[in-house]
Amino acid sequence: MSMTNIADLVTIRPVRLEDAREILDIYAPYITDSLVTFETEVPTLEEFTNRISEISSFFPYLVAEYEGKVVGYAYAHSFRERAAYDWSVETSIYVLPEYHRFSIGRHLYEKLEALLVKQGITCAIACITYPNPDSITFHEKVGYTMCGKILKCAFKLGQWCGIVFMEKILADDIDSPKEPVSIHSV
Ligand SMILES: CC(C)(COP(=O)(O)OP(=O)(O)OC[C@H]1O[C@@H](n2cnc3c(N)ncnc32)[C@H](O)[C@@H]1OP(=O)(O)O)[C@@H](O)C(=O)NCCC(=O)NCCS
């Protein structure tokens with residue numbers, strides 16, 4: 001199977017709560033064995049399902065499906081609680097390692113951003129572990145720019161690490177922007 005064929009055969013669709021097990025199976029190794037996420041304990045399936053339910057009640061939460069299997073996912077969620085941040089989201093994306101570099105991440109983000117724009121969201125922010133050169137390069141390739149760095153703010157797996165913020169402006173310089181609406185209204 002060529003790279004192009006895999007990308008063509010992947011379906012990007014909204015999450016279903018039944019996907020929670022497969023999504024958690026993608027995410028869990030990054031909790032236990034990597035610095036990619038600063039979460040340190042694998043949540044229960046129930047807790048993880050509740051998270052998906054809560055996030056997808058307002059924001060887009062998408063999965064990439066290939067041959068009936070969830071091979072990646074991406075979602076947006078609130079960046080900060082304070083009201084003036086309502087136009088910004090934090091984005092998150094994970095693809096199964098054996099499916100990396102097949103454009104699945106790019107396709108997930110393209111669909112995610114199209115939905116965010118329809119909602120009225122103007123700014124997407126990726127908060128990435130520093131160092132995580134793979135994710136930084138990926139985000140650069142899909143149009144994010146580096147906008148902030150904290151060198152040492154977290155300790156996991158015996159080492160200190162930081163975070164970088166990368167930003168993608170989805171809609172620029174809107175005077176009097178309208179309050180974003182739920183994904184279920186677009
Ligand atoms: C980051 C991640 C989602 C990228 O997904 P992906 O499906 O492999 O990315 P794509 O194939 O769509 O790549 C899109 C572009 O980024 C580039 N890219 C992706 N991963 C890269 C890497 N590790 N090194 C260099 N470039 C990379 C691709 O070459 C491609 O560029 P091009 O369009 O110019 O050819 C995936 O590597 C992943 O799940 N990583 C582990 C979890 C993680 O770090 N998530 C982000 C947390 S902030």
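Ligands are counted one by one from 1 in listed order, and the atoms in each one are counted from 1 as well. Hydrogens, waters and symmetry mates play no part in the numbers below; they use all other heavy atoms, side chains included.
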Exercise. Would you say atom 35 (O) of ligand 1 has a protein heavy atom nearer than 4.0 Å?
Worked result: no
Exercise. Counting both backbone and side chain atoms, is some N or O of C127 under 3.5 Å from an N or O of ligand 1?
Worked result: no
Exercise. Do ligand 1 and S103 have nitrogen or oxygen atoms that lie under 3.5 Å from each other?
Worked result: yes
For this session: Return a yes/no value for D134: is any of its N or O atoms, backbone included, closer than 3.5 angstrom to an N or O of ligand 1?
Result: yes
Exercise. Identify the closest protein heavy atom to atom 17 (C) of ligand 1: which residue and atom is it, and at what distance?
Worked result: K141 CG, 3.9 Å
Exercise. Does an N or O anywhere in H100 fall below 3.5 Å from an N or O of ligand 1?
Worked result: yes
Exercise. Could an N or O of ligand 1 be found under 3.5 Å from any N or O of Y99, whether backbone or side chain?
Worked result: no
For this session: Return yes if some donor-acceptor pair links the side-chain N/O of K156 with the main-chain N/O of E39 below 3.5 Å, else return no.
Result: yes
Seminar exercise, completed: atom 43 (C) of ligand 1: closest protein heavy atom, distance to 0.1 Å, is V36 CG1, 3.6 Å
Exercise. Would you say V142 and ligand 1 have an N/O pair spaced under 3.5 Å apart?
Worked result: no
Exercise. Pick one: which of V117, T91, I12 meets side chain to side chain contact (heavy atoms under 4.5 Å, CB included) with L112?
Worked result: T91
Seminar exercise, completed: In short, Y30 meets P97 closest at the heavy-atom pair OH-CG, 3.7 Å
Seminar exercise, completed: atom 42 (C) of ligand 1 has as its nearest protein heavy atom Y94 CD2, 3.5 Å
Exercise. Going by the angle between their ring planes, with limits at 30° and 60°, are Y73 and Y27 parallel, tilted or perpendicular?
Worked result: perpendicular
Problem set entry | K168 bridged to E113 by N-O distance under 4.0 Å | yes
For this session: Flag T137 as yes when one of its N or O atoms lies below 3.5 Å from any N or O atom of ligand 1, and as no otherwise.
Result: no
Problem set entry | Name of the residue among I121, I125, V89, D86 meeting side chain to side chain contact (heavy atoms under 4.5 Å, CB included) with F79 | I125
Exercise. Which residue holds the protein heavy atom closest to atom 48 (S) of ligand 1, what is that atom called, and what is the gap in Å?
Worked result: S135 OG, 3.4 Å
Problem set entry | Heavy-atom donor-acceptor pair, Q119 side chain to F58 backbone, under 3.5 Å | yes
Exercise. Considering only protein heavy atoms, which is closest to atom 13 (O) of ligand 1, and at what distance to one decimal place?
Worked result: F138 CD1, 3.7 Å
Exercise. Counting only heavy atoms, which portion of T129 has something under 4.0 Å from ligand 1: side chain, backbone, both, or neither?
Worked result: neither
Problem set entry | E22/K69 ion pair, N-O < 4.0 Å | no
Exercise. Taking atom types as modelled, is there a side-chain donor on Y61 or H77 under 3.5 Å from an acceptor on the other?
Worked result: no
Seminar exercise, completed: min-distance protein heavy atom vs atom 22 (C) of ligand 1 -> R101 NH1, 3.2 Å
Exercise. Looking at CD1 of I93 and CG of L108, how far apart are the two atoms once the value is rounded to the nearest 0.5 Å?
Worked result: 5.0 Å
For this session: Looking only at distances, please establish whether an N/O atom of ligand 1 is found under 3.5 Å from an N/O atom of I128.
Result: no
Exercise. For ligand 1, is A126 a contact, meaning one of its heavy atoms is under 4.0 Å away?
Worked result: no
